[in-house]
Amino acid sequence: MAATRACLVVLVVALTFLCLDGRAAAAPATAGSLAQRRQEVQSLLRRLNKPALATIQSPDGDVIDCVHISKQPAFDHPLLKNHTIQMRPSYHPGGIYHNSNIAPHPITQTWHQNGKCPKNTIPIRRTNEDDVLRASSVDRYGKKRPGSIPNISSINDPDTSNITSGHQYAIASSNVDKCHGTKATFNLWQPTIGRDNDFSLTQLWIVGGSYEGNDLNTIEAGWQVYPNFYKDNNPRLFIYWTRDAYENTGCYNLKCSGFVQTNNQIAIGGTLSPVSTYGGAQYDFDILVWKDPKEGNWWLQMGSDYVGYWPSSIFTYLADSASTIQWGGEIASSDLGQTSTDMGSGHFPEEGFGKASHVKNIQVVDSSNILKPPSDVTTIAGQRSCYNVHNGISDNLGTYIFYGGPGKNSNCP
C-alpha cells in the first residue's frame with residue numbers, strides 16, 4: 001500500500017507539471033526527473049522564504065513574513081553582497097504637483113487588518129510549493145515571458161515580426177531625453193479574467209535599450225490581477241525589472257534578488273483594496289519612481305511612503321537614465337483566439353470618468369530632477385475594437401489617459 005501511495009504521488013506531480021500554463025510536455029517525465037524538479041522547487045523556496053521574525057495571516061489567504069531588512073532576497077544578488085542599505089533617498093524631485101478638485105479615496109492592503117510588521121523588518125508575501133508548481137518551469141517562476149512591453153514598430157507594421165505576440169496594450173508613451181523617472185495616479189479596479197493563465201495589469205514602464213540588441217532595461221510598477229500567479233482574482237501591487245529584454249534577469253516583486261525594500265508596511269504583491277465601482281466611488285493611488293542623483297538608485301514611492309529602490313548597479317542603460325516612459329494597460333494570454341479578459345474596468349475609454357479606467361496626473365522627471373507634464377505623448381493600441389486608449393489634459397485630471405475594454409466582443413472576434 002505504501003508503494004502504491006508513493007506511485008500515486010509521483011503521478012499527481014507529473015500531471016501537475018504537464019498541465020502548467022495549458023501546455024503538455026512532449027514526453028512523459030521520469031521519476032528521477034520529477035524528484036529532481038521537486039528538489040529544485042524546495043531549493044527555490046528556501047532562497048525566497050527568508051527566516052521571519054513575525055508572521056501575519058492575511059484575511060485574503062496570504063501569509064506575510066516579517067523578515068529582517070538585512071536578510072531580504074535582494075542581497076542574494078552577486079552585485080549586492082556588500083551593499084549598504086540606503087534607508088532614504090538623498091533627493092526628492094521638485095516641480096509642480098497637480099491639485100485636483102476630485103476628493104481622493106484612500107487605498108490600503110488587506111493584510112493590515114491583522115497586523116503590521118515591526119521596525120527593521122520588511123513584509124514579504126510567502127511563496128509556497130503550489131505557487132511554483134503553477135509556473136511553466138522552476139526557472140521561469142516569477143518571470144514575464146520575453147516581449148512584455150509593446151514593440152511599436154510591430155504594432156503599426158504588420159510586416160514586422162510581432163515580438164509581443166500574446167500581449168495586447170492600450171497605453172500612452174513619451175520619449176524623454178535623459179529621463180529620471182515618472183509620477184502618476186492609478187485608478188484601481190478588479191477586472192474579470194477570462195482564463196486563469198491570463199493577466200490584466202495597469203502600470204508604468206521606465207525604459208532604456210532595445211529588444212533588437214537584447215539589452216532592454218525596464219523598471220515597472222502598478223497593479224495586476226493574475227490568477228495563475230497569485231491563486232486569486234485580487235488586484236495586487238506589483239513591481240518588475242529586467243536588464244536583458246526579459247530573457248534571464250529580473251522578476252515580479254521580490255521573487256529574485258535585485259530590488260531593495262526599506263518599508264515595513266507595504267507588501268509588494270499584497271492585495272490592494274477597496275476597488276472602484278462602475279458609476280460609483282473611484283479609488284486611486286500614486287506611484288512615483290525617480291533616480292536619486294547622488295546614489296544613482298531608482299526609488300519607488302507609493303502615496304507618501306518610500307517603498308525601496310532598484311540599485312543602479314543591476315542595470316546597464318538605466319544606470320544612467322531612461323529614454324522612454326509608458327503608462328497604461330496590458331493583457332497577456334498564451335492561448336489561441338481572442339480572450340474576454342477585461343483591461344481596466346472592462347469598459348472603453350469613451351465612457352469617461354467613473355466608468356472607464358484612468359491614469360491621471362501623469363508627469364515625468366527630467367534630467368534636472370524636476371517633475372513636469374510629458375510632451376509628445378503617443379497612444380498605442382494594437383486592436384482598438386478590443387482595448388483602446390484616449391489621452392488628454394484637464395484641470396481636474398492633469399495629463400491623463402482613459403483606457404481599457406472587454407476584449408472579445410462583436411467587433412473583436
Side-chain angles (χ1 to χ4, degrees), residues 74 140 142-152 163-164 167-174 176 179-186 188 199-211 215-226 229-230 235-261 266 268-270 272 285-291 297-302 307-312 314-319 321-332 343-344 359 362-365 374 380 401 403:
R140 295 305 300 176
K143 297 180 181 295
K144 288 188 179 185
R145 303 182 187 98
S148 292
I149 69 167
N151 181 354
I152 296 174
I163 201 165
T164 57
H167 297 254
Q168 295 191 55
Y169 303 89
I171 68 171
S173 182
S174 181
V176 184
C179 183
H180 284 185
T182 183
K183 179 179 185 290
T185 302
F186 292 83
L188 182 65
F199 69 64
S200 179
L201 60 76
T202 296
Q203 68 169 84
L204 61 84
W205 291 261
I206 296 174
V207 184
S210 68
Y211 278 121
D215 57 4
L216 185 80
N217 285 210
T218 73
I219 287 172
E220 307 173 34
W223 62 264
Q224 67 181 164
V225 176
Y226 193 177
F229 190 56
Y230 298 105
R236 293 171 175 272
L237 175 69
F238 84 93
I239 61 172
Y240 202 97
W241 69 276
T242 183
R243 61 178 281 170
D244 61 358
Y246 304 99
E247 288 292 339
N248 296 302
T249 63
C251 61
Y252 278 118
N253 307 333
L254 304 181
K255 302 304 181 184
C256 65
S257 54
F259 183 82
V260 178
Q261 183 161 341
I266 295 176
I268 300 171
L272 298 169
F285 64 99
D286 293 342
I287 296 178
L288 168 61
V289 178
W290 80 101
K291 186 176 177 63
N297 302 320
W298 289 86
W299 275 87
L300 170 66
Q301 182 174 328
M302 180 181 175
V307 181
Y309 57 90
W310 293 267
S312 63
I314 67 175
F315 296 109
T316 55
Y317 279 89
L318 292 181
S321 61
S323 57
T324 303
I325 309 292
Q326 297 172 337
W327 313 263
E330 176 186 355
I331 295 296
M343 180 188 291
V359 181
I362 296 172
Q363 299 174 83
V364 296
V365 184
I380 302 167
I401 62 169
Y403 70 95

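Quick caveat: nothing in here was measured; it's all calculated off a predicted structure.
Atom SG in Cys251 sits 11.0 Å away from atom CZ in Arg140 (nearest 0.5 Å). The CD atom of Gln326 sits 11.5 Å away from atom CD1 of Ile362, with the distance rounded to the nearest 0.5 Å. From Asn217, atom CG reaches atom CD1 of Ile206 across 11.5 Å, with rounding to the nearest 0.5 Å. Note: Ser200 OG to Ile331 CD1 = 3.5 Å, rounded to the nearest 0.5 Å. Put simply, SG on Cys179 and CD1 on Ile325 are 3.5 Å apart, with the number rounded to the nearest 0.5 Å.
Side-chain contact between Val225 and Tyr230 is absent, with no heavy-atom pair separated by less than 4.5 Å. Residues His180 and Ser321 have side chains in contact (heavy-atom distance under 4.5 Å, counting atoms from C-beta outward). Side-chain contact between Ile219 and Phe315: present, with at least one pair of heavy atoms (C-beta onward) separated by less than 4.5 Å. Considering only heavy atoms from C-beta on, Gln203 comes within 4.5 Å of Glu330 through its side chain. Side chains of Trp223 and Leu272 form a contact here, defined as non-hydrogen atoms less than 4.5 Å apart. Using a 4.5 Å heavy-atom cutoff, the side chains of Thr182 and Trp327 are in contact. Contact annotation: the side chain of Ile268 approaches that of Gln261 to within less than 4.5 Å [non-hydrogen atoms, C-beta and beyond]. Looking only at side-chain heavy atoms (C-beta outward), Ile239 and Asn253 come within less than 4.5 Å of each other.
Between Phe259 and Tyr309, a ring centre-to-centre spacing not shorter than 6.0 Å is recorded. Aromatic ring centres of Phe238 and Tyr226 lie farther apart than the 6.0 Å criterion allows.
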Exercise for review: Report the C-alpha distance between Trp298 and Ser312 in whole Å, list the side-chain angles of each, state the deciding distance to 0.1 Å, and finish with yes or no for side-chain hydrogen bond (donor to acceptor under 3.5 Å, both in side chains).
Suggested key: CA-CA 7 Å; Trp298 289 86; Ser312 63; over 6 Å; no

Review point. Does the salt bridge (charged side-chain N to carboxylate O under 4.0 Å, His left out) test come out yes or no for Asp286 and Lys183, once each step is laid out?
Key: CA-CA 7 Å; Asp286 293 342; Lys183 179 179 185 290; 3.7 Å; yes

Check your understanding: Between Arg236 and Phe229, does a side chain to side chain contact (heavy atoms under 4.5 Å, CB included) hold up when you go through it step by step?
Key -> CA-CA 11 Å; Arg236 293 171 175 272; Phe229 190 56; over 6 Å; no

Review point. Step by step, would you call Thr202 with Tyr403 a side-chain hydrogen bond (donor to acceptor under 3.5 Å, both in side chains)?
Key: CA-CA 10 Å; Thr202 296; Tyr403 70 95; 2.4 Å; yes

Practice item. Could you check Met302 against Leu237 for side chain to side chain contact (heavy atoms under 4.5 Å, CB included), going step by step and ending with a plain yes or no? Key: CA-CA 10 Å; Met302 180 181 175; Leu237 175 69; 3.7 Å; yes

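Pairing each heavy atom of Val260 with each of Pro311, the nearest pair is CG2-CG, 3.8 Å. Taking each heavy atom of Ser173 and Thr324 in turn, the nearest pair found is OG-CG2, 3.5 Å. Gly208 and Leu318 get closest at one heavy-atom pair: N-CD2, 4.1 Å. Of all non-hydrogen atoms in Ala170 and Met343, the two that sit nearest each other are CB-SD, 3.6 Å.
Between the side chains of Trp241 and Thr218, no donor-acceptor pair is found at a separation under 3.5 Å.
In this structure, Tyr240 and Tyr246 have tilted ring planes: the angle between them lies in the 30° to 60° band.
Residues satisfying the side chain to side chain donor-acceptor pair (under 3.5 Å) test with Asn248, not counting sequence neighbours, are none.
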